[in-house]
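Please read these numbers as outputs of a predicted model, since none were measured by experiment. For the numbers below, each heavy atom of this structure counts, side chains included, while hydrogens, waters and symmetry mates do not. Labels below follow one simple rule: chain letters A, B, ... track the order of the sequence lines, proteins then strands, and each chain is numbered from 1.
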Amino acid sequence: MLSLPQIKDRITAAFPGASVQIIPNASPSNQPSLLLNAGHARQIAQFLRDEPELRFDYASNVTGVDWPEKTVKEKVKVKKIIDGVEKEVEELAERKTPAFLEAVYHLYSMALGHGPLVIRLRTGNRTDRVALPSLTPVWRSCEFQEREIFDLFGIQFEGHPDLRRLLMWDNFEGHPMRKDYVPGA
Amino acid sequence: MNPEPQIKPAHEGVILTTVEELYNWGRKNSLWPLQFGLACCAIEMIAASMARFDIARFGAEVFRPSPRQADLMIVSGTVTKKMAPQVVRLFNQMPEPKYVIAMGACAICGGPFRDGYNVLQGIDLYIPVDIYIPGCPPRPEALLEGLMKLQQKIAAQCLTGPDRPPHLNAGASGEYPVPEFGPHDLVGPQLAKAAKN
């Protein structure tokens, strides 16, 4: 399989306007992923499936992640004048991370026997900009898993053939896998 | 005149008993469970029905695929909120006399999933449970123990009087309200805590 930077270069060569970003993974699994922008995601998915050297013909798993806004405290080096002398001092700075929902796709190639390639799509926020393009037209196996993500996380997959709740009942309100969900509230 | 009675009952194959004991003896030794399972406890229930543990020794091996032919509902496993109405409906479709065993922590109270959004906090919220078998999951021996406890309970039932079982009480209903799906949770009347055994 091509390395992740090589795949990224292939994509950016084929779609000059697309922004593709490598998301590193610091955990022991060390499995970095590609963050695609939602606008080009459908064409890029088609490209990943059909490009002769890649041929990711099988989406084995699709899942959702909820990233609520949180405050991160970091040590920042600041230059300050203390007793008339300029010194570098460490200060605690607070920073807020953006809030969004994420859909994560794990792709394999049955034809070439390689994988997984992990791609991510992110929504604009967690409230009103929660639409992402559906990849079900590219990989049929995404159908139920995207329905599950719609059900439990509330991502609206545009272009999905049958976007209904999968696990909860139809008149259920709310998305239970979101981190701020309170059962029965 | 010979003072000895001419007919000795035991010698003639006659046994004296009460209708109550005979009736209860018959019922307790032919409990037909409803054939359904909800989660991992069902695997232990299946094991209990196979040769090694052999629930047939207690007359309860005839798992019926229809609630109309079943006497005993073994709620074996996690009852999700989406499944609960179907479980209550199946119980309503069973003819009297009928009994319920709540098998495992989930069926008793929700178990490890109690605080989740999707799991019922015990089937006894909607149907009356006769025997609770703790465990996660209970071993087949525990299910057999629970079955024997149920048999003892049946053997001790009076057929008349205020404590008679519901199927002999024309005023008692064997039907329980089926919960419905609400916007966040199941809605519908729940059994009072006092009704729990």
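Clustering ILVMFWY residues whenever any of their side-chain heavy atoms sit less than 4.5 angstrom apart, transitively, puts B:M148 in the very cluster that holds B:I74. Linking Ile, Leu, Val, Met, Phe, Trp and Tyr residues whenever their side-chain heavy atoms come within less than 4.5 Å places A:M1 and A:I11 in a single cluster. A continuous path of Ile, Leu, Val, Met, Phe, Trp and Tyr side chains, each step under 4.5 Å between heavy atoms, connects A:F150 with A:Y181, placing both in one hydrophobic cluster. Hydrophobic clustering (side-chain heavy atoms under 4.5 Å, transitive across Ile, Leu, Val, Met, Phe, Trp, Tyr) groups B:M94 together with B:M83. Cluster annotation: A:I7 is connected to A:L135 through the hydrophobic network of ILVMFWY side chains, with a link wherever side-chain heavy atoms come within less than 4.5 Å.
Note that CE of A:M177 is 9.5 Å distant from CG of B:N118, once rounded to the nearest 0.5 Å. Rounding to the nearest 0.5 angstrom, the gap separating the OH atom in B:Y117 from the CG atom in A:L167 is 6.5 Å. Within the model, atoms NE2 of B:H184 and CG of A:N171 stand 10.5 Å from one another, a figure rounded to the nearest 0.5 Å.
Both the backbone and the side chain of A:M168 come within contact range of chain B, judged by heavy atoms closer than 4.5 Å.
Counting only heavy atoms from C-beta outward, the side chains of A:F172 and B:F181 never approach each other to under 4.5 Å.
Taking both residues in full, the closest heavy atoms of B:G182 and A:W169 are given as O-NE1, 2.7 Å, listed atom of the first, atom of the second, then distance.
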